[in-house]
Amino acid sequence: DQDATNYRTIRVEVEDAAGTITICRPKALNAVNTLAMEEIVHAARALDKRPDVKALIITGEGPKYFAAGADIKEMADQTYDEAYHKRFMEGWTGLAAVRKPIIAAVNGYALGGGCEVAMMADIIIASENAVFGQPEVNLGVIPGMGGTQRLIRAVGKSKAMDIILCDVRLTAFEAQASGLVSRVVYTDQLMAEARSMAARIASLSALAVAKAKDCINRAYEVPLSEGLRYEQREFWSAFATEDQKEGMHAFLNKRNPSFKDR
Ligand code: CAA
């Protein structure tokens, strides 16, 4: 794929319906700078459009770092004027607009912007050595890629305050207990787990998967009554798809469904 060969801060691979984006900035412990986030969002959008890709995985290169934050060297001398006029980080949250499910496979440190990238994914799975934190206040700033908004929805106000104000870091199991992380696996099995999750998703109707993801994420945005109405309409519209007929008739005929994403 033409794009994949041109990226400088990430690696993109497609295998068995899973599109994997690996953050590769080892000298900065995979911290994300402007180029890295632009490349991540670009690659995610390209994978989102490929019909052979059913789920995305995002991870960091190596066994110890998912991403150690946004790049502090890039930000150190930035002025308010520059940040405001170039709308620093504005487009970075484009990752959260992807239609297909994104699995964050968190291998080691996910700090600051790294934790925020993971939270833009739909499911976070973590290796045993993962560490989650939002240490931005130590640097005289605050989380800038959604940390103050997404973390509270994942772990609740008191814990989010503790993590952001007191730089409390969560181990993989603590993050799982607080709802931020879905599964914790042995470090050397992390990618196998992510791929098997992607393969399970790939076996489903991509239409149903996209609808479910969209409705779940809708709950972040709207009041319950509106979310329920939204879900109801999406549920009704599922009956317009061939995959609904296939799925239900396959069940009744005791055979495996063969979904066509139509
Ligand atoms: N940005 C740029 N460079 C970074 C970096 C970052 N976020 N994190 C680490 N590095 C660099 C270090 O500067 C160091 O570079 P040199 O070799 O040139 O000196 C190299 O990576 C190795 O780092 P350490 O020596 O610190 O490695 P360690 O193993 O002792 O510690 C760590 C690992 C605990 C992750 C530690 O590096 C650390 O605390 N990093 C900063 C974490 C942080 O504050 N992240 C938040 C950033 S701000 C942000 O993300 C804003 C936002 O909301 C979007």
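For reference, positions follow the sequence shown, starting with 1. Atoms within a ligand are numbered from 1 in the order they appear, just like the ligands themselves. In this text the structure is predicted, and so the values were computed from the model without any measurement.
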Novice: So which protein heavy atom does atom 10 (N) of ligand 1 come closest to, and at what separation?
Specialist: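 The protein heavy atom lying closest is A28 O, 3.9 Å.
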
Novice: Look at atom 54 (C) of ligand 1 and say which protein heavy atom is nearest, naming residue and atom and giving the distance to 0.1 Å.
Specialist: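 Looking at atom 54 (C) of ligand 1, the protein heavy atom closest to it is M89 CE, 3.1 Å.
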
Novice: State, with a plain yes or no, whether a side-chain heavy atom of K100 is found less than 4.5 Å away from one of K213.
Specialist: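 Not touching, per the 4.5 Å side-chain cut-off.
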
Novice: Does ligand 1 come near enough to G144 that some N or O of the ligand is less than 3.5 Å from an N or O of the residue?
Specialist: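 There is such a contact, yes.
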
Novice: Assess the side chains of S127 and N129: does a donor N or O sit below 3.5 Å from an acceptor N or O?
Specialist: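 Result is yes, a qualifying pair exists.
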
Novice: Hey, does P135 sit under 4.0 Å from ligand 1 if you only count heavy atoms?
Specialist: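 It does, in that a heavy atom of P135 comes within the 4.0 Å cut-off of ligand 1.
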
Novice: Set out, in order, the CA-CA distance, both residues' side-chain angles and the distance that settles side chain to side chain contact (heavy atoms under 4.5 Å, CB included) for L151 and I163, then state yes or no.
Specialist: CA-CA 9 Å; L151 191 61; I163 292 166; 3.8 Å; yes

Novice: Are more than 12 heavy atoms, taken from residues, nucleotides or ligands other than R8, located less than 6.0 Å from that residue's CZ atom?
Specialist: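 Not buried by this count: 12 neighbours or fewer within 6.0 Å.
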
Novice: Report the nearest protein non-hydrogen atom to atom 2 (C) of ligand 1: residue, atom name, distance rounded to 0.1 Å.
Specialist: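 That would be I72 N, 3.4 Å.
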
Novice: Which residue and atom name correspond to the protein heavy atom nearest atom 20 (C) of ligand 1, and how close is it?
Specialist: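 Going by distance alone, atom 20 (C) of ligand 1 is nearest to K27 O, 3.6 Å.
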
Novice: What are the atoms of ligand 1, with element, lying closer than 4.0 Å to any heavy atom of G112?
Specialist: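 Taking each heavy atom of G112 in turn, ligand 1 has 46 (C), 50 (O) under 4.0 Å.
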
Novice: Counting non-hydrogen protein atoms only, what is the nearest one to atom 48 (S) of ligand 1? Give residue, atom name and distance.
Specialist: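 Looking at atom 48 (S) of ligand 1, the protein heavy atom closest to it is L139 CD1, 3.6 Å.
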
Novice: If you apply the rule side chain to side chain contact (heavy atoms under 4.5 Å, CB included), what do you find for L170 with Q176, and how did you get there?
Specialist: CA-CA 9 Å; L170 302 184; Q176 186 184 37; over 6 Å; no

Novice: Is the count of non-hydrogen atoms from other residues, nucleotides or ligands lying under 6.0 Å from D167 atom CG greater than 12?
Specialist: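 More than 12 within 6.0 Å, yes.
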
Novice: Among protein heavy atoms, which lies nearest atom 39 (O) of ligand 1, and at what distance?
Specialist: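 Checked against all protein heavy atoms, atom 39 (O) of ligand 1 sits closest to L111 CD1, 4.2 Å.
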
Novice: If you count heavy atoms of other groups shown closer than 6.0 angstrom to NZ of K211, is the number above 12?
Specialist: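 Counting other residues, nucleotides and ligands, NZ of K211 exceeds 12 neighbours.
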
Novice: Do L56 and P101 come within less than 4.5 Å of each other through their side chains, counting heavy atoms only?
Specialist: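 Side-chain contact under 4.5 Å: no.
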
Novice: Can you confirm whether L190 sits close enough to I125 that some side-chain heavy atom of one is under 4.5 Å from a side-chain heavy atom of the other?
Specialist: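 A side-chain contact under 4.5 Å exists here.
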
Novice: Hey, which atoms in ligand 1 end up nearer than 4.0 Å to a heavy atom of E116?
Specialist: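 It comes down to these atoms of ligand 1: 52 (C), 53 (O), 54 (C).
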
Novice: Pick, from E74, K73, Q134, the option with the minimum heavy-atom distance to atom 13 (O) of ligand 1.
Specialist: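 Shortest heavy-atom distance from atom 13 (O) of ligand 1: K73.
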
Novice: May I ask whether M75 places a heavy atom under 4.0 Å from ligand 1?
Specialist: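 Flag set, M75 near ligand 1.
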
Novice: Output, in order, the C-alpha distance, side-chain angles, deciding distance and verdict of ring pair (Phe, Tyr, Trp, His ring centres under 6.0 Å) for F235 and F239.
Specialist: CA-CA 7 Å; F235 174 69; F239 291 90; 5.3 Å; yes

Novice: Is there any N or O on Y65 that sits under 3.5 Å from an N or O of ligand 1?
Specialist: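 Yes, since at least one N or O of Y65 sits under 3.5 Å from an N or O of ligand 1.
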
Novice: Please report whether atom 45 (N) of ligand 1 has a protein non-hydrogen atom at a separation of less than 4.0 Å.
Specialist: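 Flag for atom 45 (N) of ligand 1 set to true, protein heavy atom closer than 4.0 Å.
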
Novice: Taking atom types as modelled, find out whether Y230 and D214 have a side-chain donor-acceptor pair closer than 3.5 angstrom.
Specialist: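 There is such a pair (donor and acceptor under 3.5 Å, judged by atom type) between the side chains of Y230 and D214.
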
Novice: Does atom 30 (O) of ligand 1 have a protein heavy-atom neighbour under 4.0 Å away?
Specialist: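 Looking at atom 30 (O) of ligand 1, one finds that no protein heavy atom lies closer than 4.0 Å.
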
Novice: Any heavy-atom pair between the side chains of R169 and L111 that's under 4.5 Å?
Specialist: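 Side-chain contact under 4.5 Å: yes.
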
Novice: Consider every N or O of R169 and every N or O of ligand 1, then say whether any pair is closer than 3.5 Å.
Specialist: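 N/O-N/O distance below 3.5 Å does not exist for this pair.
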
Novice: Among A31, P26, A68, which one has a heavy atom closest to atom 42 (C) of ligand 1?
Specialist: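 Among A31, P26, A68, the closest heavy atom to atom 42 (C) of ligand 1 belongs to A68.
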
Novice: Looking at P143, which atoms of ligand 1 are within less than 4.0 Å of one of its heavy atoms?
Specialist: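 What qualifies from ligand 1 is 53 (O).
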
Novice: Quick one: nearest non-hydrogen protein atom to atom 26 (O) of ligand 1, plus distance?
Specialist: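 Looking at atom 26 (O) of ligand 1, the protein heavy atom closest to it is L29 CD1, 4.8 Å.
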
